[in-house]
Amino acid sequence: MIEVREIGKTYGSVIALADVSTVVNPGEVTCVLGDNGAGKSTLIKILAGVHQHDKGQFLLDGNEVRFSSPREALDSGIATVYQDLAVVPLMSVWRNFYLGSEPTVGWGPLRRLDRRKGRETTKTALAEMGIDLRDVEQPVGTLSGGERQCVAIARAVHFGAKVLILDEPTAALGVKQAGVVLRYVAQARDRGLGVVLITHNPHHAYPVGDRFLLLKRGRSLGSYEKGDITIEELTRQMAGGAELEALEHELRAVQK
Amino acid sequence: MIEVREIGKTYGSVIALADVSTVVNPGEVTCVLGDNGAGKSTLIKILAGVHQHDKGQFLLDGNEVRFSSPREALDSGIATVYQDLAVVPLMSVWRNFYLGSEPTVGWGPLRRLDRRKGRETTKTALAEMGIDLRDVEQPVGTLSGGERQCVAIARAVHFGAKVLILDEPTAALGVKQAGVVLRYVAQARDRGLGVVLITHNPHHAYPVGDRFLLLKRGRSLGSYEKGDITIEELTRQMAGGAELEALEHELRAVQK
Amino acid sequence: MSVAVQTQSDERLAKPGLWDRLVVRPEIGALLGALAVFVFFSVVAGQFLSPLGVANWLDDASTLGIMAVAVAMLMIGGEFDLSAGVMTASTALVTAIFATQVGLNVWFALLLSLVFALGVGAVNGWLVMRTGLPSFIVTLGTFLALQGLNLGVTRLITGTVQVSGMRSADGYESAGMLFASTINVGGTDFQVSILWWVLFAAVAAWVLVRTRFGNWTFAVGGSALSSRAVGVPVVRTKITLFMTTAFAAWIVGSINILRNASVQANQGIGLEFQYIIAAVIGGCLLTGGFGSAVGAAIGALIFGMARQGIVYAQWNSDWFMLFLGIMLLAAVLVNNTFRRRAERVRR
Amino acid sequence: MSVAVQTQSDERLAKPGLWDRLVVRPEIGALLGALAVFVFFSVVAGQFLSPLGVANWLDDASTLGIMAVAVAMLMIGGEFDLSAGVMTASTALVTAIFATQVGLNVWFALLLSLVFALGVGAVNGWLVMRTGLPSFIVTLGTFLALQGLNLGVTRLITGTVQVSGMRSADGYESAGMLFASTINVGGTDFQVSILWWVLFAAVAAWVLVRTRFGNWTFAVGGSALSSRAVGVPVVRTKITLFMTTAFAAWIVGSINILRNASVQANQGIGLEFQYIIAAVIGGCLLTGGFGSAVGAAIGALIFGMARQGIVYAQWNSDWFMLFLGIMLLAAVLVNNTFRRRAERVRR
Amino acid sequence: ACSGPQGDKPAAGGGAAPTPNSGGGSLRVAVVTHGTSGDAFWNVVKNGAEAAGKQLGAQVDYKADGDPGAQAKLIDNAIAQKVDGLVVSMANPDALKTSIQNAVKAGIPVITINSGEAKSAEFGALTHVGQSETIAGEGAGERLKDAGKTKLLCVIHEAGNIGQNQRCDGAKSAFGNVTTLQVDINNPTDAQSRIKGAVQADPSVDAVLALNSQVAAGAVTAIKGAGSKAQVATFDLNTDVVTAIKAGDVLFAVDQQQYEQGYLPIVFLKLYKDNANTVGGGRPVLTGPGFVDKSNVDTIAPFAEKGTR
Ligand SMILES: Nc1ncnc2c1ncn2[C@@H]1O[C@H](COP(=O)(O)OP(=O)(O)OP(=O)(O)O)[C@@H](O)[C@H]1O
Ligand SMILES: Nc1ncnc2c1ncn2[C@@H]1O[C@H](COP(=O)(O)OP(=O)(O)OP(=O)(O)O)[C@@H](O)[C@H]1O
Ligand SMILES: [Mg+2]
Ligand SMILES: [Mg+2]
């Protein structure tokens, strides 16, 4: 559904991404893995329309596209959870949930927000993720880090029509919530959506991923199908190969 | 070294923490575990002097204290890595590193920053964590999430004299970097520091922790010594007990 | 606003309390401030409560209030407009010049000045969005430029620094009915501008809280980047807000020119701050993303009452600014004490 | 600044380039703007480059520049001071009243007004930190209050709106040497205020970049919460910054009163914006945490050159504000184009 | 092409040091005042100076700043430009002393206008044209007293403006029972409301003195609205005030004939430069407050409309 070919992006003099190719198919989860600063967020920001690529091609359903704003990406059915979350702290939870896709009732100049629907859908969507909020009218800024993350995820899941992109969705989450998110990812996949998942936790990536794109310092280290790689190998690759062995050894020593 | 007794904290009408007791000993790692919104960050913010407790007692070396600012906590040798990192995005990496504890040379009105020392120490400290920055003069705001996290951790490790508090230090980190941080925690412990570690990853907590404080909805679920609990039991407790089983079952099904 | 969420009793909530829920509204501080000022001057100044007196301070608050509401919306959207004050003079000048010097019908002159106002608003917005410069600076530029234009053009065309003679222009009476008539209530004449003010505040409040555009306004002010990321048309929203402010300036300019029948080239300078003050007293955050239109309208009321109250109390007008400064600080402090509790935001 | 970091060649960096490294300095935009304005008026206006002309616009820039530098430091620290303009008049009035009405020695009067200035600065800072209100509002309050006090006290004591007669006060001559003398360079008299300006900018630049206090200034402006969390004394730093601004206002007030020997009660109103403009042209962010003292000094220079240059070019003064507005926008745009590249910050 | 001989020491009185440096040629005069041309009063001065310049073929630059320090800088600027003549209003003589003396030292003939009569000769100016605002205020106060008024409200529309304060002070010294009211000229609604409030709060006020024609128009409306019987007098004219005088709503308008304060100095400087003439032997030339009331309003109205009265 989405295909990127030798895509590249520079910020000023910083080359954040170079020659990266991958594909996102419907009903599959593409995991993007890599070190800190490897360019993962940059890649998904291009897919989400936040940034534009400088080089390479970005194909959506076979046609070359270049989103000039996230609105366009959303209109094409691509919903995203950003690493920095993209919530407006001072706005209430339900308004954040619906931001940019507000439900309305009425006609012409009397068209107004459907606030009842907004509140109720939000409450339900969050409750399904195991987050029970005291009040969906409370500002998002008063939520804990994990609660905020859940709001952003619930929103993307709710509005993602064709592709769902998640940038480190489980980073701030508790064990239970992380489990819920992974279940969501699996459900979205089963509904036929293409999913892009970024994570640093191989234990999260491996169970749900179908394809693993490994990035390092802005370049692709290779793309693996699930069948081609074991979780151990994946972990090793994510940690930069040989270096890890020394570390593991050390950590094991540390465990007394 | 640090002991809190039945400590409590409310934000307006929100009771974030109630009746929590624990102890941090030199040369030991106390892990605080719990759901999102359980009050973990609130607890450590009290220890770090960012907030003040409303109830209970906070003892440092046996004396009851109440820090009115993080400065006082720092002066007592308590260094903290906050979940929201506490970096100044527009300032350069090395200035952030030394912020609040700037090295100076010269006397009287000519006392000035020792910039060379600042830059070099920063570079070394970060390099030791496996982060090689292009330039320590670049603003922290241009770093990736993980790189920023490493700056905050390196800073706390460098300045932590007696107690080191880490609020989800590994959340945004890659596998390798997370390993490095855990090694740091172990090293700090071996140097005789008391460490408080918050994490959602039982695989990170178990290897280094000596004591596990479990919080749920602002209350303590109990405090366990390492000997008293297995990693499986810990994971189960962190995820809220029985509920997890259903989830695990489901996730396993999802893995096809 | 009827909050339809059932209050489940959650053990993590101390006590809900009606008071706490009331106090959450951004306007509450302003409302209490207004009450305090009202009671104070009612006691201190004899004529303050007379029908004429009330009509007087309501009138003073009205033109300020119309602008304050528009400026509040813009501030909620995260931007400033320092050109708002001179704009009220510019629109009046454009109307007056077309009506008296060119000889157009007043209605047509009003239309032209409306087009002019919306144009300036759009330029302001476009410049801010295009260049990425803070609106404080950009509108400071337009503020200076408009100030120069007002004087230069007026002197060029009339040789003096004011345009007068509106009363003899075609259509003055009918246009005056709309913008500058008075309404007799119980023997006292109330200016129609008071109606405009109430109407404008009501529409703005409805738009802000109940419509999609209002939602976007809060969003772009709260975090433009995040809003953009979730698909809010940030540029369009902000430009519309600048144009709304210009539109309000057109209303106020029209009220002024039709009521006074003449306009001076250096009018309006410095008023932009009064608008901002009124909006802030009304609970708007300077940093954007939080505030209320009703609050701004009440802020203007406080301002109007204080300003006229000082006159009614016959205090020495040399110290006028001192009183105003202290009054402002006091009102904002009262206000803040309440808002602190309202805004349960992580700091 | 010699950057001691060796440029390791990193494959993730495209091309370092001397140009890119130069362009990173916040002052560079202002410097180029100043150059542009300088060249423009040198060509357009005949006497602009004559020694007398240079002395004239340097003088105009100097008092503005002293304040701009202080205001820039405050802005870097994340706060505004709208009372800075009237403060220059207040300090002058205090000095003048003590010297001429009470009959104190000028030096002693200066000392008293310094104490007064530092007091007002401390109150500003304390109010801002204590109440958590935005400094924009708090200092607007002190701005209005001081404005009222200036007028009220002056009229109360002298019966008019100005205090004069400094020339006959004790110690006028010696104090005048320090603040209001001229220095003859090649036959042209240059005001000593130019030296004060250069000195003030140099000290401020050194403090900002090289000292711990400067580091704290950037930090509290960039993120007060984070700074506090890592142990920066936020309250102390900000209050000191407010007092620095008041101190600068005292210097400028002293220069004015000793040079003009009289002071008018409404002096200084509106100047606060010129200070802010100069600081912004000089590369300061309105949101705090970024900027430069040297840049602000150059911003003041641009302002001084443009203001006097327009006079030298003999343009019609009716359009003065229009020119100024356009000039400001142009300068800020040039500036911004460069800064965009400099500030490689995530947006 | 009449380049006359260089007259090195003219027999001019008034102790004027500067010498007319060249006869003929174009004359460049800088007019530096404390009132911006946005002010209705000073607008007329500017028009006068420019009209004289046009008629005499002289180049006139009008510059103004209400801040004495900034006004001094504008004078310094004119000196650096080496203008042929300087016209200065001295609302604050102390502050302008150095700059004016520098101009005189640089050989630029200086004429002071409007205010600062007392210091004019001392600073070395050729002559002074105009009349202080105090005298104009006194004139207005006297006429109001003659009209049988007992309590006067003097409306200052720009707080701290020295000229306006002098007018009110003048009125006070001639009239007696005067209170001042500060309003904001930039906000007509507020100005009107405040006047309304003031006459309502103190019903004994039976006369209002406005210092600007627009304030006067607002005052008329305000007084009607408040149901007070006070009458309005004002400085300066505009069409509304003319209509109001005809209708009897405004008692009279003080006309300082400030057009002459702009016009005459240019003529004097021209004469001085071409012919080394001075007028009145350095004694001040009084432009005198005139009064416009029902009797002469018809004659003056058309000039007011042109911006020359
Ligand atoms: N706006 C920007 N300006 C300059 N450099 C940037 C910008 N955004 C990112 N970078 C740089 O580009 C590189 C890639 O950043 P990116 O955020 O894509 O990394 P990431 O793989 O998401 O890392 P993490 O796992 O830590 O989130 C980093 O080195 C970062 O410093
Ligand atoms: N400043 C605040 N104002 C009001 N409520 C707050 C504030 N800070 C935290 N809370 C509330 O207190 C509770 C505990 O928050 P805290 O940040 O301590 O949770 P946490 O355990 O750190 O969660 P996470 O794992 O998601 O970081 C949450 O429900 C949160 O909504
Ligand atoms: Mg990332
Ligand atoms: Mg937390």
Side-chain angles (χ1 to χ4, degrees), chain C residues 45-48 50 52-53 55-57 59-60 62-64 85-86 88-89 92 100 147 150-151 154-155 158-162 164-165 167-168 182 189 191 193 252 255-256 259-271 274 304 307-314 316-318 320-321, chain E residues 36-44 46-47 50-51 155-160 165 179-203 212-215 217-218 221-222 224-227 236-243 304-308:
Chain C
Q47 299 286 324
F48 187 78
S50 69
L52 254 179
N56 199 14
W57 49 257
D59 177 30
D60 188 19
S62 66
T63 47
L64 174 60
V86 254
T88 63
T100 65
Q147 200 179 328
N150 284 357
L151 182 62
T154 309
R155 272 188 52 93
T158 67
T160 73
V161 291
Q162 56 190 14
S164 46
R167 278 189 237 276
S168 52
T182 56
D189 283 340
Q191 295 284 351
S193 56
V252 172
I255 290 175
N256 280 342
R259 191 192 294 180
N260 300 326
S262 77
V263 51
Q264 192 145 336
N266 58 356
Q267 220 164 278
I269 297 167
L271 298 189
Q274 303 184 356
R307 194 150 60 176
Q308 300 304 326
I310 292 174
V311 176
Y312 280 106
Q314 294 183 293
N316 185 340
S317 59
D318 289 346
F320 182 77
M321 287 294 183
Chain E
T36 60
S37 48
D39 183 304
F41 179 91
W42 290 99
N43 172 56
V44 176
K46 181 176 185 188
N47 284 344
E50 281 176 345
V155 185
I156 292 181
H157 55 262
E158 214 179 294
N165 273 277
T179 48
T180 56
L181 174 72
Q182 316 263 6
V183 302
D184 183 2
I185 180 72
N186 294 335
N187 186 352
T189 319
D190 167 49
Q192 197 172 317
S193 300
R194 276 199 229 173
I195 296 172
K196 205 188 220 174
V199 294
Q200 213 189 325
D202 184 359
N212 167 293
S213 44
Q214 204 191 5
V215 175
T221 324
K224 276 191 189 141
D236 303 339
L237 288 171
N238 71 2
T239 5
D240 295 333
V241 170
V242 168
T243 324
E305 208 157 329
K306 276 199 313 198
T308 59

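No hydrogens, no waters, no symmetry mates; every other heavy atom, side chains included, goes into these values. Proteins come first, then strands; the chains are lettered A, B, ... in the order of their sequence lines, and each starts at number 1. The structure displayed is predicted, hence computed values, not measured ones.
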Legend entry - chain C contact via E/Ala217 - which portion, at a heavy-atom distance below 4.5 Å: neither

Legend entry - Contact leader toward chain C among E/Lys46, E/Arg194, E/Gln182, where contacts are heavy-atom pairs under 4.5 Å: E/Arg194

Inset, instruction - Give, as side chain, backbone, both or neither, the part of E/Ala222 having an atom under 4.5 angstrom from any heavy atom of chain C. - result: neither

Inset, instruction - Find out whether C/Asn256 and E/Thr189 are in side-chain contact, i.e. whether some heavy atom of one side chain is under 4.5 Å from a heavy atom of the other. - result: yes

Inset, instruction - State, to 0.1 Å, how close E/Ile185 and C/Gln267 come at their nearest heavy-atom pair, and which atoms those are. - result: O-CG, 4.2 Å

Legend entry - CD on E/Gln214 to CG on C/Asn266, rounded to 0.5 Å: 8.5 Å

Inset, instruction - Go through the atoms of C/Asn150 and report whether side chain, backbone, both or neither lie under 4.5 Å from a heavy atom of chain E. - result: neither

Legend entry - Among C/Asp189, C/Leu271, C/Ile310, C/Val263, residue most engaged with chain E (heavy-atom pairs, under 4.5 Å): C/Leu271

Legend entry - chain C contact via E/Glu50 - which portion, at a heavy-atom distance below 4.5 Å: side chain

Legend entry - Region of C/Gln308 in contact with chain E, defined by heavy-atom distances below 4.5 Å: side chain

Legend entry - Max heavy-atom pair count under 4.5 Å with chain C, selected residue of E/Ile195, E/Thr221, E/Asp184, E/Asp202: E/Asp202

Legend entry - Check: C/Arg167 and E/Thr243 side chains under 4.5 Å, non-hydrogen atoms: no

Inset, instruction - Please determine, among E/Asp39, E/Ile156, E/Leu181, the option with the most heavy-atom pairs under 4.5 Å with chain C. - result: E/Leu181

Legend entry - Minimum-distance pair of heavy atoms, taken over all atoms of C/Ile269 and E/Asn186: O-ND2, 2.8 Å

Legend entry - chain E contact via C/Ser262 - which portion, at a heavy-atom distance below 4.5 Å: both

Inset, instruction - Find out whether C/Gln314 and E/Thr179 are in side-chain contact, i.e. whether some heavy atom of one side chain is under 4.5 Å from a heavy atom of the other. - result: no

Inset, instruction - Find out whether C/Arg155 and E/Asn47 are in side-chain contact, i.e. whether some heavy atom of one side chain is under 4.5 Å from a heavy atom of the other. - result: yes

Legend entry - Side chains of E/Asn187 and C/Gln274 in contact at under 4.5 Å (non-hydrogen atoms): yes

Legend entry - Engaged part of E/Lys196 at the chain C interface, taking heavy atoms whose separation is under 4.5 Å: both

Inset, instruction - With sequence neighbours left out, write down each residue that passes side-chain contact (heavy atoms from CB on, under 4.5 Å) with C/Ser62, or none if nothing qualifies. - result: C/Asp59, C/Ser193, C/Ile194, C/Trp197

Inset, instruction - With a 4.5 angstrom heavy-atom cut-off, could you sort out which part of C/Phe320 is near chain E: side chain, backbone, both or neither? - result: side chain

Legend entry - Donor on one side chain, acceptor on other, C/Ser164 and E/Asn238, under 3.5 Å: no

Inset, instruction - Measure the CG-CD distance between E/Asp236 and C/Gln162 for me, rounded to the nearest 0.5 Å. - result: 8.5 Å

Inset, instruction - For E/Val44, enumerate each residue passing the side-chain contact (heavy atoms from CB on, under 4.5 Å) test, keeping only those at least two apart in sequence or located in another chain. - result: E/Gln258, E/Tyr259

Inset, instruction - For chain C, find which of E/Gly307, E/Ser193, E/Pro188 contributes the most heavy-atom pairs closer than 4.5 angstrom. - result: E/Ser193

Inset, instruction - Between chain E and each of C/Thr160, C/Asp60, C/Asn56, C/Leu151, count heavy-atom pairs under 4.5 Å; write down the option with the most. - result: C/Asn56

Legend entry - Shortest non-hydrogen contact between E/Ala198 and C/Val311, atoms and distance: N-CG1, 3.4 Å

Inset, instruction - Taking all heavy atoms of E/Ala201 and all of C/Tyr312, pick out the closest pair and write down the distance. - result: CB-O, 3.7 Å

Legend entry - Pairwise side-chain contact, E/Gln200 with C/Ser50, heavy-atom cut-off 4.5 Å (strictly under): yes

Legend entry - Most contacts with chain E, counted as non-hydrogen pairs under 4.5 angstrom, among C/Gln264, C/Gln147, C/Gln47: C/Gln264

